[in-house]
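The block underneath contains the structure these notes are about, expressed in structure tokens.
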2 protein chains.
Amino acid sequence: MNRSNEGTPDRSIVSGSDFLHMAIDEAPSGGKSEWLAQQIRLALADRRLPVGSRLPATRVLAGELGVSRGVVTEAYQRLVEDGYVAGRGRNGTIVVSAPATTTAAKPPTPASPSSRRSVFTTEPGADVFDAIRTTRARIDFSPGLPDLAAFPRAAWLRAERLVLDRLATSDLGYGDPRGTPALRMAIANWIARNRGIRAVPDEILIVAGTAQTLTLVGQVLRGDGISTVAIEDPGSLGARQHLHNCQLDTPPVAVDSEGIRVDELRATGAAAVFLTPAHQFPTGVVLRGSRRSELTHWASKSGGLIIEDDYDAEHRYDRPPVPALRSMLADSVFYAGSVSKLLAPALRIGWILAPPKYRDGLVDAKRFADLGNATLPQLVLAHFMESGALERQLRHLRRQHRRRRDTMVKAVAAHLPGAIVHGAAAGLHLTITFEAGFADTDVAAAALARDVKVHPLSWHCQLPRKPGLVLGYAATPTTDISEGVATLGEVLRRMS
Amino acid sequence: MNRSNEGTPDRSIVSGSDFLHMAIDEAPSGGKSEWLAQQIRLALADRRLPVGSRLPATRVLAGELGVSRGVVTEAYQRLVEDGYVAGRGRNGTIVVSAPATTTAAKPPTPASPSSRRSVFTTEPGADVFDAIRTTRARIDFSPGLPDLAAFPRAAWLRAERLVLDRLATSDLGYGDPRGTPALRMAIANWIARNRGIRAVPDEILIVAGTAQTLTLVGQVLRGDGISTVAIEDPGSLGARQHLHNCQLDTPPVAVDSEGIRVDELRATGAAAVFLTPAHQFPTGVVLRGSRRSELTHWASKSGGLIIEDDYDAEHRYDRPPVPALRSMLADSVFYAGSVSKLLAPALRIGWILAPPKYRDGLVDAKRFADLGNATLPQLVLAHFMESGALERQLRHLRRQHRRRRDTMVKAVAAHLPGAIVHGAAAGLHLTITFEAGFADTDVAAAALARDVKVHPLSWHCQLPRKPGLVLGYAATPTTDISEGVATLGEVLRRMS
């Protein structure tokens, strides 16, 4: 062994011979330098060569490996350029930094591996929906999902093939931040047919779902000096969190059997309001005509702005949906739609129609957010909408969801005789309230212990309310619905 | 004709008989009320029934249409609930609002239909890249695109079929805001193989491209009280705009032949710096080992943070790429990668590895931004990476791009004898500088008038520099490259 380059104790010597146990035979001919550099990088990464150690002299290592000295010199030069080693004159070549060490790759873990209990016993934070999503339960009544098993996979793949066949090369580059013209046109037609809204494609901005709508609209409103967006109470916790995150206050405004109390809205002095008029979340109330008139008056007199989340308007069972507020109040309404309840939330596609005054600002916000949605899924969806496939899917879902709703309504009547059912005429969920001396979070926790997942109504309330549960039925088979509601009945009887 | 409900002049009477020229035969049996309500909504929308007009009395219209009075009463009730009409006692039923009118749907227009000249004669604004993208030119040297004609459409569709076959139903719901486990694992393996970075999937956050990375990191840094991110000069105008949009100052730091001047960086007092170490944009300089050491020193002594945009690091022609800074400085580096230069910008998929301290905050920012990327394209990409298809694509691109680079270097030597070529050893573009008494924006404008699109170097400079052009070659066929550079030569000769 050649130990002629004896160093100080904190600079342990690494010398040739079996240096790193390298097998030079493995090096590709013509690529020996890079191979050698890479072997040393690996040794740096796993700390076989710690920072402060000295590499063998080039002459020595070349001799030991049976390569020309130039091969070693070039490998060292690459490591110098990497910044891993530095020449220190007569002190030789020293390791000065190393790749980050980590343990070997292991499978990813859930974002919020909460315990089953803690999700309901702590104040819901920004990650509450991750926490409840990753909490396992045999029967899942989380609201907000359509029947995902009905996702038309074969039709989606067929549409994707057509899109890939017809795609222009330039469609693969950076695109219009507002979305592809084809999808904006398809959505203009969809909302005209289904939601009574007349709009030209240039008024439509494609976004990554309603969560992004709230963040972009929140930014634009803040930029316009607005600091308060009133929200319905009960009202979506998720929407409230998103608006809060934009530094917006969200004073609660009560919802009664006719919808939001516009007199109370006026009293808050808020410049804007977040609404779910077609099927209020979570109560299911449809905003009545008289309230619509009051809102119109509020918007025109005070310049009030409305964020209309039309999240499940297409899902009505008894009669066609009421038209969107946007159809009457184009100058005051930010209209938010998405395919999360029509196809799948995993697609992350939604759309905004903004009041003309805010349109350009919203396009700028979308550009800064992500330069625009991905192109291929937009084109597939456009094909889906224009070919009638989405309408077929909606008809199929309506039948399926209606069966499941009927099952749940019957099961609630049978197993939860004291409960009042709200908002079952439409949508993907219903809400029950009950008289009780305990918190609905405790009911939810007890249900989860029995393998049934529900949202406590109180999550979606800022004002004191009767306890209740929000029960999604659309994504759950009927046998599970009956069984799950029976379990809820047992849970409530035991707690009473 | 029944004109018994004579009104005031501003409330024109609409009476029965041929009211709206409705053909009741078209109404579905059992759906007459909704059909009638819909006919009236359409008439409201196109102003055949203006606000203030009065609907025919129910008895009258029922008689004229030959339907029961209940059908008309129910249709009117729906319109009341819509908020379009209101009962006014003896004054009848009055139109009080109407759906928004728009002109008939027309094809969408470009986001920024700038004139050819204005794109180079005005200060570049937030929409400058939209403006130049939508400006037509026969030969396009805009930098930042790989050869999009090489996008592996058939392989992408095959991977999509596999993904759709194997997908769990729950994968179609809301997902982990950090991205799918499969893609985070595939990226951990990709960056270990190609960029010398060891990371576990939990350290990786999937985002919608590097534009989103900049916005999310900017938000997190602002939230941590940081107000300044130094940037290279020359350096990416787009990155600078994104950081500005997060209310961050971006003092310029000069780049010389060894990379960023770390002494100047230190002098700015900035807490963070945005860097393109592997192939500096736009000069193409590779950050040298000595500068890497200085940066390491700066980061460890002053707690400085680095945003490392590794945008085209995989595209080297002469030797393997240098390792990422992240591989040495995991605690200080936000590492940004994407597939925009490997596959296509239209996919909008990228990834961030953050310093541990900022990881949770970045996940929160991504959740509020859009709840996480769409699932299907992530799974297709994961399959692409793990199957070796992406490495095959990269090898194909390297050969293709190298040919195009060689053509451009030769053409510049032939047609632009006074120009100096920078950064041709890697990447998707090169930069030329020249001695001239005129602005490079004027050269770009003159080239555009001759149907050749280029970026003026001055767009990417905050400090005074020699005029130059940034010339993307990767997406342009060789014959167009030769012709386009010849045109640039003529343009420069005429201006000199």
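Letters A, B, ... mirror the listed sequences (proteins, then strands); counts begin at 1. Heavy atoms only: backbone and side chains are in, while hydrogens, waters and symmetry mates are out.
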Would you call Asp127(B) and Arg367(A) a salt bridge, using N to O less than 4.0 angstrom?
->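 Here Asp127(B) does not pair with Arg367(A) in a salt bridge, since their nearest N and O are not under 4.0 Å apart.
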For the residue pair [X] and [Y], establish whether any side-chain heavy-atom pair is separated by less than 4.5 Å.
{"X": "Leu167(B)", "Y": "Arg153(A)", "result": "yes"}
{"X": "Cys246(A)", "Y": "Phe368(B)", "result": "no"}
{"X": "Arg161(A)", "Y": "Glu160(B)", "result": "no"}
{"X": "Pro177(A)", "Y": "Asp130(B)", "result": "yes"}
{"X": "Met328(A)", "Y": "Leu44(B)", "result": "no"}
{"X": "Phe151(A)", "Y": "Thr169(B)", "result": "no"}

Counting heavy-atom pairs closer than 4.5 Å to chain A, which one of [options] comes out on top?
{"options": "Gly209(B), Ser293(B), Ala369(B)", "answer": "Ala369(B)"}
{"options": "Ala208(B), Gly175(B), Ala149(B)", "answer": "Gly175(B)"}
{"options": "Gln38(B), Gln241(B), His242(B), Gln378(B)", "answer": "His242(B)"}
{"options": "Thr375(B), Leu79(B), Ile349(B), Asn245(B)", "answer": "Asn245(B)"}

Select one option (side chain, backbone, both, neither) describing which atoms of [X] are under 4.5 Å from chain B's heavy atoms.
{"X": "Ala126(A)", "result": "both"}
{"X": "Ala168(A)", "result": "backbone"}
{"X": "Gln219(A)", "result": "side chain"}
{"X": "Asp360(A)", "result": "neither"}
{"X": "Pro323(A)", "result": "both"}
{"X": "Asp171(A)", "result": "backbone"}

Under 4.5 Å from any heavy atom of chain A - which part of [X]:
{"X": "Asp140(B)", "value": "neither"}
{"X": "Leu145(B)", "value": "side chain"}
{"X": "Ser142(B)", "value": "neither"}
{"X": "Asp165(B)", "value": "backbone"}

Over all heavy atoms of both residues, which pair between [X] and [Y] is shortest? Give the atoms and the distance, please.
{"X": "Leu371(A)", "Y": "Ala211(B)", "value": "CG-CB, 3.5 Å"}
{"X": "Tyr174(A)", "Y": "Arg348(B)", "value": "CE2-NH1, 3.7 Å"}
{"X": "Gly173(B)", "Y": "Pro345(A)", "value": "C-CB, 3.9 Å"}
{"X": "Leu172(B)", "Y": "Leu148(A)", "value": "CD1-O, 3.6 Å"}

Heavy atoms of other groups near His244(A) NE2, more than 12 under 6.0 Å =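 Count over threshold, so yes.
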Approximate separation, where rounding is to 0.5 Å, of Leu157(A) CG and Leu157(B) CG |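 The CG atom of Leu157(B) is 5.5 Å from CG of Leu157(A), to the nearest 0.5 Å.
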Distance, nearest 0.5 Å, that separates OG1 of Thr215(A) from CG of Asp370(B) |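 The distance works out to 8.5 Å.
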Please report the C-alpha distance between Arg198(A) and Leu42(B) in whole Å, then the side-chain angles of each, then the deciding distance to 0.1 Å, and finally whether the side-chain contact (heavy atoms from CB on, under 4.5 Å) criterion is met.
-> CA-CA 10 Å; Arg198(A) 301 259 175 129; Leu42(B) 293 173; 3.4 Å; yes
